[in-house]
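Everything on this sheet refers to the single structure shown next.
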Amino acid sequence: MTEKLITVGKIANTHGIRGELKIVPETDFPERFDKGNALIIVDPQNKQTPVTVQTSRLHKNVFIVQFTQFSNINEVEKFKGSLLKIEAKNQQPLEEGEYYYHEIIGCKVITEEGQELGLISEVLTPGANDVWVVDLPKGKQLLLPVIDDVILDVDVAAKTIRIHLMEGLME
C-alpha cells in the first residue's frame with residue numbers, strides 16, 4: 001500500500017471477549033465505521049492490517065467495532081493503541097471553503113501585505129470556530145481564528161494561506 005493514509009480513529013481498548021474494539025473516532029464522517037467498510041489498522045511499528053467492519057455501534061462517544069477478520073479478544077489485544085486509517089482516495093469530498101486538517105497543517109501563512117509569518121503546525125477545535133496554530137520565528141506561536149475576517153484565501157495546492165492580521169492577534 002503506497003497510497004497516502006488518513007487517520008479516521010484510534011483503537012482505545014478491547015471490548016468483551018468476542019474480538020470487539022473500542023474506537024475513538026477522529027473523523028467528521030462516522031459512516032466510516034458502517035458495516036462492510038474497509039479500514040486499515042496501523043500499529044505503532046507501522047505494520048498495516050487491512051480489515052472490514054462486520055458490526056459497529058456508538059456507545060458513549062466511542063464506536064464498538066468488530067472486524068470480520070477477528071472473533072476473539074486474543075486476536076485483537078495486540079491492536080490497542082493502533083490507528084485506524086483509510087486510503088486518501090477514499091476521503092469524502094468537502095464543500096467549498098472546507099479543508100481536511102492534513103491539508104492545512106504545513107501551509108505557509110502570509111499577510112495581505114505579503115509578509116511571511118510562519119507555518120501552521122496544529123489545528124485546535126475549541127468551540128465556535130477552529131483555531132490554526134502558526135509557528136513564528138523565535139519559538140513563538142500565533143493563534144489564528146478561522147473566521148472570514150481573518151482568513152482571506154486558502155490555496156492548499158500551493159500550501160499558502162493569506163490572512164488579514166487583525167489588531168491584537170500578534171501580541
Side-chain angles (χ1 to χ4, degrees), residues 1-109 118-135 139 141 143-146 154-159 161:
M1 288 182 213
T2 56
E3 172 94 33
K4 181 172 171 29
L5 299 178
I6 308 296
T7 301
V8 295
K10 182 172 182 168
I11 299 173
N13 209 339
T14 57
H15 180 81
I17 60 168
R18 290 190 301 258
E20 291 181 311
L21 291 163
K22 290 183 180 179
I23 312 293
V24 177
E26 294 183 13
T27 176
D28 287 335
F29 302 100
E31 58 272 17
R32 294 263 176 238
F33 306 109
D34 288 353
K35 179 181 173 109
N37 279 348
L39 299 169
I40 302 162
I41 299 174
V42 180
D43 69 16
Q45 288 75 44
N46 220 20
K47 181 175 177 278
Q48 298 180 8
T49 306
V51 292
T52 305
V53 177
Q54 180 175 322
T55 62
S56 170
R57 65 187 183 278
L58 188 59
H59 178 72
K60 296 183 180 174
N61 296 332
V62 298
F63 283 90
I64 308 294
V65 175
Q66 181 161 22
F67 298 111
T68 54
Q69 291 82 351
F70 309 110
S71 60
N72 78 60
I73 188 171
N74 297 326
E75 296 173 309
V76 296
E77 188 83 36
K78 64 185 176 199
F79 295 123
K80 284 199 272 190
S82 296
L83 297 175
L84 273 178
K85 299 186 177 237
I86 59 163
E87 291 182 345
K89 69 181 181 196
N90 294 331
Q91 281 184 269
Q92 299 279 0
L94 297 178
E95 292 182 21
E96 186 154 339
E98 293 183 342
Y99 309 96
Y100 284 107
Y101 290 178
H102 69 87
E103 293 176 313
I104 297 301
I105 293 173
C107 282
K108 185 183 342 175
V109 177
L119 299 179
I120 294 180
S121 63
E122 189 177 358
V123 176
L124 306 176
T125 54
N129 53 271
D130 286 355
V131 175
W132 294 343
V133 179
V134 182
D135 287 342
Q141 291 184 324
L143 301 179
L144 278 182
V146 182
V154 177
D155 184 345
V156 290
K159 297 292 275 176
I161 297 172

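This is a predicted model, so every value here is computed, not measured. Computation of the quantities below employed the complete heavy-atom set of this structure, encompassing side-chain atoms and omitting hydrogens, waters and symmetry-equivalent molecules.
- Remark: S121 OG to W132 CH2 distance equals 13.0 Å, nearest 0.5 Å.
- Distance NE2/H15 to NE2/H59: 6.5 Å, rounded to 0.5 Å.
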Show your reasoning for whether side-chain contact (heavy atoms from CB on, under 4.5 Å) applies to L5 and Q48.
CA-CA 11 Å; L5 299 178; Q48 298 180 8; 3.4 Å; yes
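- Crowding of K10 atom NZ: a count of heavy atoms from other residues, nucleotides or ligands under 6.0 Å not exceeding 12.
- Of all non-hydrogen atoms in I6 and A88, the two that sit nearest each other are CG1-CA, 3.9 Å.
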D130 vs T125, side chain to side chain donor-acceptor pair (under 3.5 Å): CA-CA, chis, key distance, verdict
CA-CA 5 Å; D130 286 355; T125 54; 5.2 Å; no
Check: residues 34-44 side-chain donor-acceptor pairs under 3.5 Å, at least two apart:
from: N37; atom 1: ND2; to: E31; atom 2: O; distance (Å): 2.6
from: N37; atom 1: ND2; to: R32; atom 2: O; distance (Å): 3.2
from: D43; atom 1: OD1; to: Q45; atom 2: N; distance (Å): 2.9
from: D43; atom 1: OD1; to: N46; atom 2: N; distance (Å): 3.0
from: D43; atom 1: OD1; to: K47; atom 2: N; distance (Å): 2.8

From CA spacing to verdict: side-chain contact (heavy atoms from CB on, under 4.5 Å), I64, K22:
CA-CA 5 Å; I64 308 294; K22 290 183 180 179; 3.6 Å; yes
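- Rounded to the nearest 0.5 Å, atoms OG1 (T55) and CD (Q66) are 5.0 Å apart.
- Residues S56 and V65 share a closest heavy-atom pair of OG-CG2, 3.9 Å.
- Between V123 and V131 there is no side-chain heavy-atom pair separated by less than 4.5 Å.
- Qualifying ring pair (Phe, Tyr, Trp, His ring centres under 6.0 Å) partners for F29, counting only residues two or more places apart in sequence or in other chains: none.
- Counting heavy atoms from C-beta on, the side chains of V109 and L144 come closer than 4.5 Å.
- In terms of modelled atom types and a separation under 3.5 Å, the side chain of K89 and the main chain of K4 share no donor-acceptor contact.
- Once rounded to the nearest 0.5 Å, the distance linking CG of L84 with CD1 of I23 reads 4.5 Å.
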Report the C-alpha separation of F79 and T49 in whole Å, then their side-chain angles, then the decisive distance to 0.1 Å, and conclude whether the side-chain contact (heavy atoms from CB on, under 4.5 Å) test is met.
CA-CA 10 Å; F79 295 123; T49 306; 3.9 Å; yes
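- For the pair F63 and L21, the minimum side-chain heavy-atom distance is 4.5 Å or more.
- The closest side-chain heavy-atom distance from V8 to K85 is not below 4.5 Å.
- E103 CD to I120 CD1: the interatomic distance, rounded to the nearest 0.5 Å, is 12.0 Å.
- Between V154 and I104 there is a side-chain heavy-atom pair separated by less than 4.5 Å.
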Determine, step by step, whether R57 and E20 satisfy the side-chain contact (heavy atoms from CB on, under 4.5 Å) criterion, reporting the C-alpha distance in whole Å, the side-chain angles of both residues, the deciding distance to 0.1 Å, and the verdict.
CA-CA 11 Å; R57 65 187 183 278; E20 291 181 311; 2.9 Å; yes
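- At a threshold of 4.5 Å between non-hydrogen side-chain atoms, the residues V76 and T14 count as touching.
- When side chains are defined from C-beta on, F33 counts as touching T27, because their heavy atoms get closer than 4.5 Å.
- Evaluation of the salt bridge (Lys or Arg N to Asp or Glu O under 4.0 Å) test over residues 70-79, restricted to residues two or more places apart or in two chains, returns E77-K80.
- Between I11 and L83 the shortest side-chain heavy-atom distance does not fall below 4.5 Å.
- Formation of a donor-acceptor pair under 3.5 Å by the Q69 side chain with backbone atoms of T52 is found in this model.
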